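Each chain gets a letter, A, B and so on, in the order its sequence line appears, and its residues count up from 1. Being a predicted model, the structure only gives us computed values, none of them experimental.
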Amino acid sequence: TQLLEQSPQFLSIQEGENLTVYCNSSSVFSSLQWYRQEPGEGPVLLVTVVTGGEVKKLKRLTFQFGDARKDSSLHITAAQTGDTGLYLCAGGNSGNTPLVFGKGTRLSVIA
Amino acid sequence: GAGVSQTPSNKVTEKGKYVELRCDPISGHTALYWYRQSLGQGPEFLIYFQGTGAADDSGLPNDRFFAVRPEGSVSTLKIQRTERGDSAVYLCASSPSGSRGTYEQYFGPGTRLTVT
């Protein structure tokens with residue numbers, strides 16, 4: 001069984017601070033996807049990383065896929081209150097197979 | 001274009017009743033997934049369709065759960081003899097198919113099921 005562990009589980013920071021959340025597994029995945037979910041809504045896809053060592057930037061968000069494709073990180077620079085939400089990582093295998101999700105990191109950015 | 005839609009958005013039912021949850025995927029997406037998300041957890045896989053057929057139903061918790069996708073588009077998740085432990089948000093996602101190796105999944109807003 002493939003599992004993904006996310007840390008920290010909860011994070012509360014002041015606006016303007018930087019933060020990193022982690023997603024780790026003992027299994028190799030073909031891809032890692034990051035989603036953000038707000039209360040009452042479904043997860044919204046932020047990024048997909050597929051190559052070991054890959055780094056992708058989305059404005060103030062930087063995503064990295066580990067060299068061995070077993071782990072990933074999300075770094076947010078100068079957090080804003082609009083970044084508040086549940087951040088989920090999900091591992092994918094080849095083709096259309098279902099995703100394996102972590103439990104998420106609940107981020108709260110305080111003004 | 002339109003995203004994945006799910007109806008109803010909320011469903012309250014009594015223990016023992018039957019419920020149906022509907023998912024309309026993004027037009028043209030051949031793969032459709034059902035996940036269940038309990039409070040404080042990430043989504044957990046239930047069943048996945050490729051076209052009209054269930055390609056993988058290994059996540060269905062027991063035989064009270066069943067899903068169909070008769071025309072390869074809309075899907076219905078059916079739960080018989082509901083139990084309080086079935087209370088959760090049921091999420092549907094769809095994904096395109098093609099020759100690429102990895103396909104991104106796009107989620108609907110979910111149906112919040114509460115069994116009293």
**OP:** Evaluate side chain to side chain contact (heavy atoms under 4.5 Å, CB included) for A/Leu45 paired with B/Tyr106, printing each intermediate quantity in order.
**Re:** CA-CA 7 Å; A/Leu45 181 66; B/Tyr106 297 89; 4.3 Å; yes
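- Around atom CD of A/Gln14, more than 12 heavy atoms belonging to other residues, nucleotides or ligands sit under 6.0 Å away.
- Under a hydrophobic clustering in which Ile, Leu, Val, Met, Phe, Trp and Tyr are joined whenever their side-chain heavy atoms come within less than 4.5 Å, directly or via other members, B/Phe66 and B/Leu77 fall into different clusters.
- Under the 4.5 Å side-chain heavy-atom criterion for Ile, Leu, Val, Met, Phe, Trp and Tyr, A/Leu107 and A/Val47 are members of the same hydrophobic cluster.
- Taking the six-membered ring where the residue is Trp, the centroids of A/Phe101 and B/Phe45 are separated by 6.0 Å or more.
- The closest donor-acceptor contact from the side chain of B/Tyr35 to the backbone of A/Leu99 lies under 3.5 Å.
- Within 6.0 Å of atom CD in A/Glu17, more than 12 heavy atoms from other residues, nucleotides or ligands are found, so the atom counts as buried in its surroundings.
- In this structure, chain B has a heavy atom under 4.5 Å from the side chain of A/Gln37, while its backbone stays farther away.
- Considering only heavy atoms from C-beta on, A/Pro98 stays 4.5 Å or farther from B/Ile47 through its side chain.
- Across all their heavy atoms, A/Leu88 and B/Gly42 have their closest contact at CD2-CA, 4.0 Å.
- Hydrophobic clustering of Ile, Leu, Val, Met, Phe, Trp and Tyr side chains at less than 4.5 Å, counting indirect connections, unites A/Trp34 with A/Leu19.
- When A/Gly40, A/Pro43, A/Gly104 are compared by the number of non-hydrogen pairs under 4.5 Å with chain B, A/Pro43 comes out ahead.
- Within 6.0 Å of NZ on A/Lys56 lie more than 12 heavy atoms contributed by other residues, nucleotides or ligands.
- Counting non-hydrogen atoms of other residues, nucleotides and ligands closer than 6.0 Å to CD of A/Gln9 gives a total of 12 or fewer.
- Counting heavy atoms of neighbouring residues, nucleotides and ligands inside a 6.0 Å radius, atom CZ of B/Phe65 exceeds 12 of them.
- Neither the backbone nor the side chain of B/Gln6 comes within contact range of chain A; no heavy atom of the residue lies under 4.5 Å from a heavy atom of that chain.
- B/Ser38 OG to A/Lys103 NZ: the interatomic distance, rounded to the nearest 0.5 Å, is 10.5 Å.
- Contacts of A/Leu86 with chain B are made by side-chain atoms alone, with heavy-atom separations under 4.5 Å and no backbone atom involved.
- In terms of heavy-atom proximity, B/Gln105 sits nearest to A/Gln33 at N-OE1, 3.9 Å.
- For chain A, the nearby part of B/Gln37 is the side chain; its heavy atoms alone come within less than 4.5 Å.
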